[in-house]
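All remarks here apply to the structure that follows.
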Amino acid sequence: MTASVTWRVGGAERSGAWLSPSSPLPRRLGEADDRTTAAAALSRVRGGEALVYSGDFRNARQLLAAMGRRLRGRAPPARDATALYRMERDLRRREHDLLSRLLVPIEEQLRVPLRNAPDAALALAEALGPDPGAPGLLPLRDLLGMVGAHEWRRKGVAVPALGAAVHPHYGVYAPVRGEYVDLVAQAAREWPVAGKRALDVGTGTGVLALLLARAGARLVATDVEPRAVVCARENVARLGLGAEIQVVEADLFPAGQFELVVSNPPWLPDAARTPLERAVYDPGGVVLERLVLGLEARLAPGGEAWIVISDLAELLRLRAPGHVAALAARAGLRVADVRETRPSHPRAHDPDDPLHAFRAREVTRLFRLVRA
(Lines give C-alpha, C1' and ligand atoms only; values in the text may rest on other atoms or scores of the structure.)
Protein backbone atom coordinates (compact mmCIF):
# COMPACT_ATOMS: atom_id res chain seq x y z
CA MET A 1 0.00 0.00 0.00
CA THR A 2 1.33 3.46 -0.97
CA ALA A 3 2.03 5.74 1.99
CA SER A 4 0.30 9.12 2.06
CA VAL A 5 2.10 12.41 2.63
CA THR A 6 1.07 16.03 3.20
CA TRP A 7 3.18 19.04 2.25
CA ARG A 8 2.90 22.80 1.76
CA VAL A 9 3.79 24.89 -1.29
CA GLY A 10 3.48 28.67 -1.07
CA GLY A 11 1.36 28.36 2.04
CA ALA A 12 -1.14 25.98 0.41
CA GLU A 13 -1.46 22.47 1.82
CA ARG A 14 -1.30 19.52 -0.55
CA SER A 15 -1.59 15.78 0.00
CA GLY A 16 -0.82 12.72 -2.05
CA ALA A 17 1.28 9.57 -2.24
CA TRP A 18 4.91 8.92 -1.37
CA LEU A 19 6.15 7.62 -4.72
CA SER A 20 9.77 6.66 -4.08
CA PRO A 21 10.65 2.97 -4.52
CA SER A 22 14.06 3.42 -2.86
CA SER A 23 13.74 5.92 0.01
CA PRO A 24 11.64 5.94 3.19
CA LEU A 25 8.82 8.40 3.77
CA PRO A 26 10.30 11.60 5.29
CA ARG A 27 9.20 12.51 8.80
CA ARG A 28 9.40 16.28 8.35
CA LEU A 29 8.81 18.36 5.23
CA GLY A 30 9.78 21.93 4.41
CA GLU A 31 9.85 24.15 1.34
CA ALA A 32 12.70 25.07 -1.00
CA ASP A 33 12.84 27.19 -4.14
CA ASP A 34 15.19 29.02 -6.48
CA ARG A 35 16.53 31.12 -3.57
CA THR A 36 17.69 28.10 -1.55
CA THR A 37 21.47 27.70 -1.42
CA ALA A 38 23.31 24.38 -1.31
CA ALA A 39 24.73 25.18 2.11
CA ALA A 40 21.30 25.96 3.54
CA ALA A 41 19.72 22.90 1.90
CA LEU A 42 22.42 20.59 3.26
CA SER A 43 22.08 22.04 6.74
CA ARG A 44 18.34 21.42 6.68
CA VAL A 45 18.46 17.87 5.30
CA ARG A 46 21.20 16.97 7.78
CA GLY A 47 18.77 18.09 10.44
CA GLY A 48 16.23 15.55 9.22
CA GLU A 49 14.11 17.80 7.02
CA ALA A 50 13.07 16.89 3.46
CA LEU A 51 12.63 19.82 1.06
CA VAL A 52 9.79 20.09 -1.45
CA TYR A 53 11.07 22.19 -4.34
CA SER A 54 9.01 24.77 -6.21
CA GLY A 55 10.49 26.96 -8.89
CA ASP A 56 12.63 26.16 -11.92
CA PHE A 57 13.49 22.52 -12.66
CA ARG A 58 16.95 23.42 -13.95
CA ASN A 59 17.69 25.26 -10.72
CA ALA A 60 16.54 22.21 -8.75
CA ARG A 61 19.03 20.05 -10.68
CA GLN A 62 21.80 22.57 -10.06
CA LEU A 63 20.98 22.64 -6.36
CA LEU A 64 21.12 18.86 -6.17
CA ALA A 65 24.49 18.81 -7.96
CA ALA A 66 25.89 21.50 -5.68
CA MET A 67 24.76 19.59 -2.60
CA GLY A 68 26.46 16.49 -3.96
CA ARG A 69 29.75 18.32 -4.54
CA ARG A 70 29.72 19.57 -0.97
CA LEU A 71 29.19 16.06 0.33
CA ARG A 72 32.03 14.54 -1.68
CA GLY A 73 34.97 15.75 0.33
CA ARG A 74 38.22 13.84 0.46
CA ALA A 75 37.81 10.74 2.63
CA PRO A 76 40.34 10.13 5.37
CA PRO A 77 42.81 7.31 4.71
CA ALA A 78 41.70 3.84 5.78
CA ARG A 79 43.85 1.27 7.51
CA ASP A 80 43.12 -1.64 5.18
CA ALA A 81 41.06 -2.74 2.17
CA THR A 82 37.99 -3.75 4.14
CA ALA A 83 37.96 -0.54 6.17
CA LEU A 84 38.34 1.52 2.99
CA TYR A 85 35.43 -0.33 1.38
CA ARG A 86 33.22 0.10 4.47
CA MET A 87 34.05 3.80 4.60
CA GLU A 88 33.19 4.24 0.93
CA ARG A 89 29.89 2.36 1.31
CA ASP A 90 28.98 4.44 4.34
CA LEU A 91 29.73 7.64 2.43
CA ARG A 92 27.60 6.53 -0.53
CA ARG A 93 24.77 5.51 1.79
CA ARG A 94 24.91 8.86 3.57
CA GLU A 95 24.98 10.67 0.23
CA HIS A 96 21.94 8.71 -0.97
CA ASP A 97 20.01 9.39 2.22
CA LEU A 98 20.70 13.13 2.27
CA LEU A 99 20.35 13.90 -1.44
CA SER A 100 17.11 11.90 -1.60
CA ARG A 101 15.58 14.55 0.70
CA LEU A 102 15.31 17.07 -2.13
CA LEU A 103 11.82 16.36 -3.44
CA VAL A 104 9.69 17.38 -6.41
CA PRO A 105 5.90 17.18 -6.64
CA ILE A 106 4.25 14.92 -9.21
CA GLU A 107 0.78 15.91 -10.39
CA GLU A 108 -1.99 14.00 -12.17
CA GLN A 109 -1.00 12.55 -15.56
CA LEU A 110 2.49 12.23 -14.01
CA ARG A 111 3.31 15.86 -14.72
CA VAL A 112 6.19 17.65 -12.95
CA PRO A 113 4.78 21.11 -12.09
CA LEU A 114 8.07 23.02 -12.12
CA ARG A 115 9.10 25.61 -14.69
CA ASN A 116 11.20 24.11 -17.51
CA ALA A 117 10.52 20.57 -16.28
CA PRO A 118 10.78 17.85 -18.93
CA ASP A 119 7.84 15.72 -19.96
CA ALA A 120 8.70 12.73 -17.78
CA ALA A 121 5.29 11.03 -17.87
CA LEU A 122 6.41 8.01 -19.90
CA ALA A 123 9.58 7.54 -17.81
CA LEU A 124 7.55 7.74 -14.60
CA ALA A 125 4.91 5.32 -15.91
CA GLU A 126 7.60 2.81 -16.86
CA ALA A 127 9.20 3.03 -13.42
CA LEU A 128 6.16 3.42 -11.19
CA GLY A 129 3.32 1.99 -13.26
CA PRO A 130 0.71 3.97 -15.18
CA ASP A 131 -1.33 4.75 -12.03
CA PRO A 132 1.08 5.06 -9.07
CA GLY A 133 -1.25 7.24 -7.00
CA ALA A 134 -0.32 10.75 -8.16
CA PRO A 135 -0.37 13.47 -7.04
CA GLY A 136 2.53 12.81 -4.78
CA LEU A 137 6.16 13.47 -3.95
CA LEU A 138 9.30 11.93 -5.39
CA PRO A 139 13.01 12.53 -4.67
CA LEU A 140 14.60 14.45 -7.52
CA ARG A 141 17.35 11.80 -7.61
CA ASP A 142 14.71 9.14 -8.26
CA LEU A 143 13.12 11.21 -11.00
CA LEU A 144 16.45 11.77 -12.76
CA GLY A 145 17.23 8.06 -12.47
CA MET A 146 13.89 7.18 -14.02
CA VAL A 147 14.42 9.58 -16.90
CA GLY A 148 17.89 8.11 -17.49
CA ALA A 149 16.53 4.56 -17.33
CA HIS A 150 13.87 5.48 -19.90
CA GLU A 151 16.59 6.61 -22.31
CA TRP A 152 18.51 3.34 -21.83
CA ARG A 153 15.30 1.40 -22.38
CA ARG A 154 14.50 3.40 -25.52
CA LYS A 155 17.98 3.28 -27.07
CA GLY A 156 19.14 -0.09 -25.75
CA VAL A 157 22.60 -1.20 -24.63
CA ALA A 158 24.77 -2.72 -27.34
CA VAL A 159 26.14 -6.17 -26.47
CA PRO A 160 28.92 -7.03 -28.96
CA ALA A 161 29.03 -10.72 -27.97
CA LEU A 162 25.32 -10.97 -28.75
CA GLY A 163 25.49 -8.90 -31.92
CA ALA A 164 22.43 -6.99 -30.74
CA ALA A 165 21.21 -4.59 -28.10
CA VAL A 166 19.22 -5.35 -24.98
CA HIS A 167 16.81 -2.83 -23.51
CA PRO A 168 17.01 -2.62 -19.70
CA HIS A 169 14.05 -1.45 -17.64
CA TYR A 170 14.18 0.80 -14.60
CA GLY A 171 15.48 -1.20 -11.64
CA VAL A 172 17.02 -3.95 -13.80
CA TYR A 173 20.80 -4.29 -13.98
CA ALA A 174 22.10 -3.35 -17.43
CA PRO A 175 24.91 -5.41 -19.00
CA VAL A 176 27.41 -2.56 -18.92
CA ARG A 177 30.07 -4.85 -17.45
CA GLY A 178 30.52 -6.78 -20.65
CA GLU A 179 33.29 -9.07 -19.38
CA TYR A 180 30.86 -11.57 -17.87
CA VAL A 181 28.94 -11.78 -21.16
CA ASP A 182 32.21 -12.25 -23.07
CA LEU A 183 33.26 -15.08 -20.74
CA VAL A 184 29.99 -16.94 -21.34
CA ALA A 185 30.31 -16.38 -25.10
CA GLN A 186 33.85 -17.80 -24.98
CA ALA A 187 32.68 -20.78 -22.92
CA ALA A 188 29.83 -21.50 -25.35
CA ARG A 189 32.35 -21.68 -28.19
CA GLU A 190 34.73 -23.90 -26.21
CA TRP A 191 32.06 -26.18 -24.72
CA PRO A 192 29.21 -26.17 -27.27
CA VAL A 193 25.68 -25.79 -25.91
CA ALA A 194 23.62 -26.59 -29.03
CA GLY A 195 20.64 -28.78 -28.18
CA LYS A 196 21.17 -28.57 -24.41
CA ARG A 197 18.42 -27.79 -21.91
CA ALA A 198 19.86 -24.88 -19.98
CA LEU A 199 18.92 -22.63 -17.06
CA ASP A 200 19.93 -18.99 -16.62
CA VAL A 201 19.57 -18.07 -12.92
CA GLY A 202 19.08 -14.35 -12.16
CA THR A 203 18.57 -13.45 -15.79
CA GLY A 204 18.09 -9.67 -15.39
CA THR A 205 17.73 -8.31 -18.92
CA GLY A 206 17.98 -11.88 -20.25
CA VAL A 207 21.33 -11.24 -21.92
CA LEU A 208 22.98 -14.60 -21.05
CA ALA A 209 19.87 -16.55 -22.00
CA LEU A 210 19.75 -14.72 -25.32
CA LEU A 211 23.42 -15.48 -25.94
CA LEU A 212 23.02 -19.17 -25.21
CA ALA A 213 19.81 -19.44 -27.25
CA ARG A 214 21.62 -17.99 -30.24
CA ALA A 215 24.26 -20.69 -29.67
CA GLY A 216 21.56 -23.36 -29.94
CA ALA A 217 20.48 -24.03 -26.34
CA ARG A 218 16.87 -24.25 -25.10
CA LEU A 219 16.45 -22.28 -21.90
CA VAL A 220 14.47 -21.47 -18.84
CA ALA A 221 15.50 -18.07 -17.43
CA THR A 222 14.57 -17.07 -13.88
CA ASP A 223 14.60 -13.94 -11.78
CA VAL A 224 13.09 -13.13 -8.41
CA GLU A 225 12.39 -9.51 -9.42
CA PRO A 226 9.12 -9.02 -11.35
CA ARG A 227 10.63 -6.04 -13.20
CA ALA A 228 13.43 -8.25 -14.51
CA VAL A 229 10.99 -10.94 -15.66
CA VAL A 230 9.02 -8.41 -17.70
CA CYS A 231 12.25 -6.90 -19.06
CA ALA A 232 13.72 -10.25 -20.08
CA ARG A 233 10.49 -11.33 -21.76
CA GLU A 234 10.46 -8.13 -23.82
CA ASN A 235 14.07 -8.64 -24.91
CA VAL A 236 13.38 -12.27 -25.80
CA ALA A 237 10.41 -11.23 -27.91
CA ARG A 238 12.36 -8.38 -29.51
CA LEU A 239 15.01 -10.83 -30.75
CA GLY A 240 12.46 -13.44 -31.83
CA LEU A 241 13.65 -16.12 -29.40
CA GLY A 242 10.37 -16.86 -27.65
CA ALA A 243 10.39 -20.47 -28.83
CA GLU A 244 13.84 -21.06 -27.31
CA ILE A 245 13.55 -19.18 -23.98
CA GLN A 246 10.92 -19.35 -21.25
CA VAL A 247 11.26 -16.58 -18.64
CA VAL A 248 9.71 -17.32 -15.24
CA GLU A 249 9.63 -15.59 -11.86
CA ALA A 250 11.43 -17.81 -9.36
CA ASP A 251 13.76 -17.57 -6.39
CA LEU A 252 16.81 -19.11 -8.09
CA PHE A 253 15.63 -22.51 -9.34
CA PRO A 254 12.46 -23.66 -11.08
CA ALA A 255 11.37 -27.29 -11.09
CA GLY A 256 13.28 -29.78 -13.21
CA GLN A 257 16.87 -30.64 -14.10
CA PHE A 258 19.15 -29.07 -16.67
CA GLU A 259 22.22 -30.04 -18.65
CA LEU A 260 23.67 -26.57 -18.13
CA VAL A 261 23.10 -23.99 -15.40
CA VAL A 262 24.56 -20.50 -15.92
CA SER A 263 24.56 -17.61 -13.47
CA ASN A 264 26.29 -14.29 -12.85
CA PRO A 265 25.31 -13.87 -9.18
CA PRO A 266 25.88 -10.73 -7.08
CA TRP A 267 29.55 -10.56 -6.15
CA LEU A 268 29.83 -8.35 -3.06
CA PRO A 269 28.58 -9.83 0.26
CA ASP A 270 26.96 -6.69 1.62
CA ALA A 271 23.52 -5.16 2.16
CA ALA A 272 21.53 -3.99 -0.87
CA ARG A 273 19.38 -0.86 -0.55
CA THR A 274 17.31 -1.28 -3.72
CA PRO A 275 16.21 -4.07 -6.10
CA LEU A 276 18.81 -2.82 -8.58
CA GLU A 277 21.58 -3.16 -5.99
CA ARG A 278 20.60 -6.79 -5.41
CA ALA A 279 22.31 -7.55 -8.72
CA VAL A 280 25.62 -6.51 -7.12
CA TYR A 281 25.25 -6.92 -3.34
CA ASP A 282 24.45 -10.22 -1.63
CA PRO A 283 23.98 -9.80 2.15
CA GLY A 284 26.11 -12.41 3.89
CA GLY A 285 26.82 -14.14 0.57
CA VAL A 286 23.55 -16.06 1.01
CA VAL A 287 22.50 -16.00 -2.66
CA LEU A 288 25.87 -17.34 -3.85
CA GLU A 289 25.77 -20.09 -1.22
CA ARG A 290 22.19 -21.11 -2.02
CA LEU A 291 22.99 -21.08 -5.73
CA VAL A 292 26.03 -23.34 -5.57
CA LEU A 293 24.65 -25.68 -2.91
CA GLY A 294 21.44 -26.06 -4.90
CA LEU A 295 23.17 -27.06 -8.13
CA GLU A 296 23.60 -30.75 -7.42
CA ALA A 297 19.85 -31.31 -7.35
CA ARG A 298 19.28 -29.28 -10.51
CA LEU A 299 22.01 -30.76 -12.73
CA ALA A 300 20.97 -33.59 -15.01
CA PRO A 301 23.39 -36.56 -15.26
CA GLY A 302 26.51 -35.30 -16.97
CA GLY A 303 25.40 -31.71 -16.51
CA GLU A 304 27.56 -28.73 -15.61
CA ALA A 305 27.28 -25.19 -14.23
CA TRP A 306 29.02 -21.99 -15.22
CA ILE A 307 29.28 -19.51 -12.36
CA VAL A 308 30.64 -16.12 -13.41
CA ILE A 309 31.78 -13.89 -10.56
CA SER A 310 34.24 -11.10 -9.80
CA ASP A 311 37.01 -11.55 -7.23
CA LEU A 312 36.65 -7.96 -5.95
CA ALA A 313 35.20 -9.27 -2.68
CA GLU A 314 38.34 -11.35 -2.18
CA LEU A 315 40.61 -8.38 -2.88
CA LEU A 316 38.64 -6.37 -0.32
CA ARG A 317 38.81 -9.28 2.15
CA LEU A 318 35.04 -9.59 2.27
CA ARG A 319 35.18 -13.20 1.09
CA ALA A 320 37.89 -15.83 1.51
CA PRO A 321 39.92 -16.86 -1.56
CA GLY A 322 38.72 -20.15 -3.01
CA HIS A 323 35.17 -19.65 -1.69
CA VAL A 324 33.43 -20.83 -4.86
CA ALA A 325 35.52 -24.02 -5.00
CA ALA A 326 34.81 -24.65 -1.30
CA LEU A 327 31.06 -24.24 -1.85
CA ALA A 328 31.24 -26.56 -4.84
CA ALA A 329 32.97 -29.24 -2.76
CA ARG A 330 30.20 -28.97 -0.15
CA ALA A 331 27.68 -29.54 -2.95
CA GLY A 332 29.48 -32.63 -4.24
CA LEU A 333 30.89 -30.73 -7.23
CA ARG A 334 34.37 -29.82 -8.41
CA VAL A 335 35.89 -27.04 -10.47
CA ALA A 336 36.69 -28.62 -13.83
CA ASP A 337 37.89 -25.44 -15.58
CA VAL A 338 38.32 -21.73 -14.94
CA ARG A 339 38.36 -18.92 -17.48
CA GLU A 340 39.09 -15.34 -16.50
CA THR A 341 39.31 -11.82 -17.82
CA ARG A 342 39.97 -8.29 -16.63
CA PRO A 343 37.08 -5.83 -16.33
CA SER A 344 36.88 -3.07 -18.92
CA HIS A 345 34.19 -0.90 -17.29
CA PRO A 346 35.12 2.76 -16.60
CA ARG A 347 35.47 2.42 -12.82
CA ALA A 348 38.29 -0.09 -13.30
CA HIS A 349 40.35 2.70 -14.89
CA ASP A 350 39.28 5.68 -12.79
CA PRO A 351 42.17 6.82 -10.52
CA ASP A 352 39.76 9.07 -8.60
CA ASP A 353 37.69 6.10 -7.43
CA PRO A 354 38.61 5.44 -3.76
CA LEU A 355 38.71 1.71 -4.55
CA HIS A 356 40.77 2.13 -7.73
CA ALA A 357 43.78 0.18 -6.42
CA PHE A 358 41.54 -2.87 -5.99
CA ARG A 359 39.36 -2.43 -9.07
CA ALA A 360 42.54 -2.22 -11.17
CA ARG A 361 43.48 -5.74 -9.96
CA GLU A 362 39.97 -7.17 -10.22
CA VAL A 363 39.48 -10.38 -12.21
CA THR A 364 36.17 -11.85 -13.34
CA ARG A 365 36.17 -15.65 -13.50
CA LEU A 366 33.94 -18.30 -15.02
CA PHE A 367 33.99 -21.47 -12.91
CA ARG A 368 32.94 -24.62 -14.77
CA LEU A 369 31.49 -26.96 -12.12
CA VAL A 370 30.76 -30.65 -12.63
CA ARG A 371 29.94 -33.52 -10.28
CA ALA A 372 32.92 -34.69 -8.29
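Quick caveat: nothing in here was measured; it's all calculated off a predicted structure. One-based numbering along the sequence shown.
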To the nearest 0.5 Å, what is the distance between CG on Asn264 and OG1 on Thr364?
8.0 Å
For the atom pair CD (Glu88) and CG (Leu355), what is the distance rounded to the nearest 0.5 Å?
5.5 Å
Val157 vs His167, test: side chain to side chain contact (heavy atoms under 4.5 Å, CB included). Steps then yes/no.
CA-CA 6 Å; Val157 176; His167 295 254; over 6 Å; no
Go through Arg218 and Glu244 one step at a time and tell me if the salt bridge (charged side-chain N to carboxylate O under 4.0 Å, His left out) criterion holds.
CA-CA 5 Å; Arg218 295 170 291 109; Glu244 290 80 15; over 6 Å; no
Nearest 0.5 Å, please: how far is CE in Met67 from OG1 in Thr36?
10.0 Å
For the backbone of Pro254 and the side chain of Arg298, can you confirm whether one donor and one acceptor N or O come within less than 3.5 Å of each other?
yes
Separation between CG of Leu102 and CZ of Arg61, rounded to the nearest 0.5 Å:
12.0 Å
Holding to salt bridge (charged side-chain N to carboxylate O under 4.0 Å, His left out), I want the full list of residues that pass it with Glu249, two or more places apart in sequence or in another chain.
none
Should Phe367 and Val292 count as side-chain neighbours, where that means a heavy-atom distance under 4.5 Å?
no
Hey, can you pull the donor-acceptor pairs under 3.5 Å for the side chains in residues 317-332, sequence neighbours left out?
{"residue": "Arg319", "atom": "NH1", "partner": "Trp267", "partner atom": "O", "Å": "3.1"}
{"residue": "Arg319", "atom": "NH2", "partner": "Ser310", "partner atom": "O", "Å": "3.1"}
{"residue": "Arg330", "atom": "NH2", "partner": "Glu289", "partner atom": "OE2", "Å": "3.4"}

Is it true that the side chains of Tyr53 and Asp34 contain a donor and an acceptor less than 3.5 Å apart?
yes
Can you confirm whether Arg92 sits close enough to Arg89 that some side-chain heavy atom of one is under 4.5 Å from a side-chain heavy atom of the other?
no
If I take atom OG1 from residue Thr203 and atom CG from residue Asp223, how far apart are they, to the nearest 0.5 angstrom?
7.0 Å
Could you report the tightest heavy-atom contact between Met146 and Pro21, atom names first, then the distance?
CE-CD, 3.9 Å
Carefully, step by step, assess Leu299 and Phe258 under the rule side chain to side chain contact (heavy atoms under 4.5 Å, CB included).
CA-CA 5 Å; Leu299 288 177; Phe258 302 86; 5.7 Å; no
Any side-chain heavy-atom pair from Leu369 and Val335 closer than 4.5 angstrom?
yes
Using atom types as modelled and distance alone, determine if a side-chain donor or acceptor of Asp282 lies under 3.5 Å from a backbone N or O of Arg278.
no
Note, His150 side chain near Lys155 side chain (heavy atom, < 4.5 Å)
no
Check: Ser23 main-chain N/O paired with Trp18 side-chain donor or acceptor under 3.5 Å:
yes
So do the side chains of Leu143 and Leu124 get within less than 4.5 Å of each other, counting heavy atoms only?
yes
More than 12 heavy atoms of other residues, nucleotides or ligands under 6.0 Å from CZ of Arg28: is that the case?
yes
Verify side chain to side chain contact (heavy atoms under 4.5 Å, CB included) between Arg14 and Glu107, making sure each step is shown before the conclusion.
CA-CA 11 Å; Arg14 299 293 309 276; Glu107 300 289 358; 3.0 Å; yes
Could I get the full list of side-chain contact (heavy atoms from CB on, under 4.5 Å) partners for Asp90, not counting sequence neighbours?
Arg93
Closest non-hydrogen atom pair between Pro265 and Val308, with its separation
CD-O, 3.3 Å
State, yes or no, whether a side-chain contact exists between His169 and Glu225 at a heavy-atom distance under 4.5 Å.
no
Between Val5 and Trp7, is any pair of side-chain heavy atoms under 4.5 Å apart?
yes
Do the side chain of Ser100 and the main chain of His96 share a donor and acceptor less than 3.5 angstrom apart?
yes
Please check: side-chain N/O of Arg101 versus main-chain N/O of Val45, any donor-acceptor pairing under 3.5 Å?
yes
For the student: nearest non-hydrogen atoms of Ala164 and Leu239, plus distance:
CB-CD2, 4.0 Å
Any sub-3.5 Å donor-acceptor pair from Asp270's side-chain atoms to Tyr281's backbone N or O?
no
Looking only at non-hydrogen atoms, find the nearest pair between Leu316 and Thr82 and report the distance.
O-OG1, 2.6 Å
Quick one: do Glu362 and Arg359 satisfy salt bridge (charged side-chain N to carboxylate O under 4.0 Å, His left out)? Show the steps, please.
CA-CA 5 Å; Glu362 182 183 2; Arg359 296 192 194 281; 5.0 Å; no
Under 3.5 Å, is there a donor-acceptor pair between the Asp200 and Thr222 side chains?
no
Between Glu314 and Arg361, is there a side-chain N and carboxylate O pair less than 4.0 Å apart?
no
To the nearest 0.5 Å, tell me how far Leu99 CG sits from Leu71 CG.
5.0 Å
What are the two closest heavy atoms between Pro269 and Gly285, and how far apart are they?
CB-N, 3.7 Å
Distance-only donor-acceptor check, side chains Asp142 and Ser20, under 3.5 Å
yes
Between Tyr170 and Arg153, does a side chain to side chain contact (heavy atoms under 4.5 Å, CB included) hold up when you go through it step by step?
CA-CA 8 Å; Tyr170 176 78; Arg153 179 171 176 172; over 6 Å; no
Does Arg339 form a salt bridge (charged side-chain N to carboxylate O under 4.0 Å, His left out) with Glu190? I'd like the steps, not just the answer.
CA-CA 11 Å; Arg339 299 294 179 267; Glu190 191 170 352; 2.5 Å; yes
Heavy-atom pair of closest approach, residues Ala17 and Gly133:
CB-O, 3.5 Å
Flag side-chain contact, heavy atom, 4.5 Å: Leu210 against Ile245:
yes
Taking Glu31's backbone N and O only, do any of them form a donor-acceptor pair with Arg8's side chain (distance below 3.5 Å, no angle check)?
no
Do the side-chain N and O atoms of Arg365 and Tyr180 include a donor-acceptor pair separated by under 3.5 angstrom?
no
Yes or no on salt bridge (charged side-chain N to carboxylate O under 4.0 Å, His left out) for Glu179 and Arg342, after CA distance, side-chain angles and deciding distance?
CA-CA 7 Å; Glu179 66 272 6; Arg342 295 276 184 177; over 6 Å; no
Atom CD of Gln109 with >12 non-hydrogen neighbours under 6.0 angstrom
no
